[in-house]
Each structure stands twice: as C-alpha cells, then as structure tokens.
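What follows is one structure encoded as structure tokens, with my remarks underneath.
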Amino acid sequence: MGKSTISKKKKTMFILLAAASILLIFVFVANAIYVKQNETLLYKIQQHLTYNSEDWANYENNQKILASNPPSESAITEVLAAPDKYDLYPVNLETVPEKFKKEEIEKIRKANFAALRAAKNGPDNEDAQTALVRFVGEQLTEAIIHQKLNIKVGTCYENPEKENNFQCVSCMILLYNRDKNKWVEAPNGDNFMRNAYDFAQGSEGGIWEARDLSMRIPFDNALFKKYSPIGIYK
C-alpha cells in the first residue's frame, strides 16, 4: 500500500515535471519563431489573450505607420548637427541637482529662447512616429509593437539650419504608454531615445524625416503635463 502511494506520487511528480519542461520548451521556441517581422509566436499568443478593442485599433494604426514607404536617399538633405549636439537637449530644471542648476540656467540664458519662433507647420504625432521609426530603427519598432507605445510630439520651433530642405523644425517628443496612460522615460528601462529631434521636409508637403537635434529648445512642460496622470507632473 505504502509503495503504491509512493509510486503514484513519483508518477504525478514526473508528469508535472514533464509538463513544465514541455511548457518551457514551448515558450522558448515560440519566442524564437517570428510569424511576422518583429513579432514572435509567443507575442502573438499574448496579444490575442490580452488585447482589447482599443489596443487592436492602436496596433492596426501602428502597422500602417510602420508599413509606410521608406525614404529614398534623395528624399531629404541631412541637417548638420552642431558640434556640441549632445549638450543641446532640453532639461527640466525641476529635476536638475542644485550643484548643476546654475550651469543649466546659464546655458538657457545663452540660448536666447525669446528669439525662437514656434513653427506654423510641423509633424503631427503620426508623422513624428513614422520619421523616428525610420531614423532610430528596429529598437524603436519593437518597443512600439511589444510595449503599446506611441510617440507624442510637443511644440516645434523653426530651425534655420535647414540646408537644402524645404523646412526644418526642432521638437520635443515623449513615449506614451497606453497601458499606463502616461509617458514613460525608457522602454523597459532601456533609455535609447533622446527627448528632442529635428524633423525636416525635403519638399513642400513631403514626408517628414528625423535627425539628431541641432539647436537648443526649451523644455516642453505642457507636453509632459498633458500625458501625465493628474497630480503626478506639475
């Protein structure tokens, strides 16, 4: 009787271990099989189990954006970036440590934001997202698809360094997470995006293309406040 009970327990344990092993193998294999560019079998299963109608609508919209025609080499002339381009990005003074705040204020003073002109025409959210997908590449594409993200663009400013392009503007952007209903600083902790970019059109009415920021612009508090939960961002 005792041996029979032990045998049944061992058999049950074996079945459970076997099932767990098969499940792990399935998860591993499903995550390695791509049923579509940037979409694994595992992701598609998760998508069908968790997506609601709004998520599907956003997904279909993103697919249309990602499938937009890539630019030709002659579609746009690259805007030259300033030598200190990595020191140009907008900073929220409220989050700057006191020991660096004086330095940041001085940079802002020298930038003379009062002379900036808000652009009458600039990329909308979809234009900016399409341009950044082409510019940043696969890493952003995967974040948009897998993490339910969208690009939101703020106030754009006329950029005189347009070279041979029809127009160039400089704008802050953010990543908006539809699940959390707020902006996120970095997809899964990987901060590969800048918070501002140049957007240029090679011709009137042409497609917008993104480039590294080439002039200093003010921090867009209104943009972040708009996409933050009430009371979180001031």
Side-chain angles (χ1 to χ4, degrees), residues 58 61-62 64-94 104-105 107-137 140 144 149-176 178 182-185 193-228 233-234:
N58 276 287
N61 186 50
N62 283 333
K64 292 177 183 177
I65 292 173
L66 297 173
S68 61
N69 295 323
S72 63
E73 292 183 2
S74 60
I76 186 171
T77 301
E78 183 172 356
V79 175
L80 296 176
D84 62 342
K85 64 179 181 178
Y86 295 112
D87 195 33
L88 290 174
Y89 293 91
V91 174
N92 181 4
L93 289 177
E94 297 299 319
E104 289 300 326
I105 292 174
K107 290 177 183 177
I108 291 172
R109 186 188 66 78
K110 289 181 179 179
N112 190 21
F113 289 154
L116 292 178
R117 296 177 59 184
K120 293 181 179 179
N121 298 305
D124 60 20
N125 292 330
E126 288 193 7
D127 289 332
Q129 180 164 306
T130 303
L132 286 169
V133 163
R134 285 194 289 265
F135 181 53
V136 178
L140 177 57
I144 287 172
L149 300 179
N150 289 118
I151 297 292
K152 303 295 184 182
V153 65
T155 300
C156 295
Y157 298 90
E158 294 180 2
N159 188 328
E161 297 296 329
K162 59 185 179 180
E163 295 300 307
N164 294 324
N165 296 300
F166 173 71
Q167 67 173 327
C168 178
V169 298
S170 299
C171 329
M172 278 200 77
I173 61 99
L174 58 73
L175 293 167
Y176 177 73
R178 299 192 308 278
K182 68 175 184 177
W183 68 275
V184 291
E185 186 170 355
M193 293 288 293
R194 294 283 179 175
N195 67 359
Y197 291 86
D198 284 351
F199 295 92
Q201 284 182 312
S203 60
E204 185 174 6
I207 60 174
W208 288 95
E209 294 298 338
R211 294 290 184 266
D212 287 323
L213 188 68
S214 65
M215 75 173 192
R216 190 182 295 279
I217 59 175
F219 189 86
D220 197 337
N221 284 285
L223 174 65
F224 285 82
K225 186 175 181 180
K226 181 178 180 180
Y227 295 105
S228 297
Y233 191 89
K234 297 179 180 181

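The shown structure was predicted, so the numbers you read here are calculated from the model rather than taken from an experiment.
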Side-chain (Asn165) to main-chain (Gln167) donor-acceptor, under 3.5 angstrom
no
Do Arg134 and Glu209 come close enough that some side-chain heavy atom pair is under 4.5 Å?
yes
Taking the side chain as everything from C-beta on, heavy atoms only, tell me whether Phe219 gets closer than 4.5 Å to Leu93.
no
Hey, what do you get for CG (Leu223) to OG (Ser228), rounding to the nearest 0.5 Å?
8.5 Å
Could you please spell out the steps behind the side chain to side chain contact (heavy atoms under 4.5 Å, CB included) verdict for Val169 and Trp208?
CA-CA 10 Å; Val169 298; Trp208 288 95; 3.9 Å; yes
Tightest non-hydrogen contact, residues Ser214 and Leu88, listed as C-CD1, 3.6 Å
Using a 4.5 Å cut-off on heavy atoms from C-beta on, say whether the side chain of Pro218 contacts that of Leu116.
yes
Would you indicate whether the side-chain heavy atoms of Asn150 and Gln129 approach each other to under 4.5 Å?
yes
Got a sec, which residues hit side-chain hydrogen bond (donor to acceptor under 3.5 Å, both in side chains) with Glu158, two or more places apart in sequence or on another chain?
none
Under the side-chain hydrogen bond (donor to acceptor under 3.5 Å, both in side chains) test, residues paired with Arg109 that sit two or more places apart
Glu106
Would you say the side chain of Leu213 lies within less than 4.5 Å of the side chain of Tyr197, judging by non-hydrogen atoms?
no
For Thr155, is there any backbone N or O sitting under 3.5 Å from a side-chain donor or acceptor partner on Asp220?
yes
As a quick check of understanding, evaluate side chain to side chain contact (heavy atoms under 4.5 Å, CB included) for Leu140 and Leu175, giving each step before the final call.
CA-CA 10 Å; Leu140 177 57; Leu175 293 167; 4.2 Å; yes
Ring pair (Phe, Tyr, Trp, His ring centres under 6.0 Å) partners of Tyr176, counting only residues at least two apart
Tyr227
For Asp124, side-chain contact (heavy atoms from CB on, under 4.5 Å) partners two or more places apart
Glu126, Asp127
For Lys226, enumerate each residue passing the salt bridge (charged side-chain N to carboxylate O under 4.0 Å, His left out) test, keeping only those at least two apart in sequence or located in another chain.
none
Main chain of Pro90, side chain of Asn195: is a donor-acceptor contact present, judged purely on distance under 3.5 Å?
yes
Residues Ile217 and Ala196: closest non-hydrogen pair is CD1-CB, 4.1 Å
Could you tell me if Arg194 sits above the aromatic ring of Tyr89, with its cationic atom closer than 6.0 Å to the ring centre and no more than 45 degrees from the axis?
yes
Ring pair (Phe, Tyr, Trp, His ring centres under 6.0 Å) assessment of Tyr157 paired with Phe113:
CA-CA 10 Å; Tyr157 298 90; Phe113 289 154; 7.8 Å; no
What closest approach, in Å, do Ala128 and Pro123 show between heavy atoms, and which atom pair accounts for it?
N-CB, 4.0 Å
Measure the shortest side-chain to side-chain distance between Val136 and Met193 over non-hydrogen atoms and say whether it is less than 4.5 angstrom.
yes
Pairing residues for Phe166 by the side-chain contact (heavy atoms from CB on, under 4.5 Å) criterion, not counting sequence neighbours
Gln201, Glu204
Indicate yes or no: at least one non-hydrogen side-chain atom of Asn125 is less than 4.5 angstrom from one of Ile151.
no
Cys168 and Phe199, any side-chain heavy atoms less than 4.5 Å apart:
no
Check whether Asp198 reaches the backbone of Ser170 with its side chain - one donor and one acceptor, N or O, closer than 3.5 Å.
no
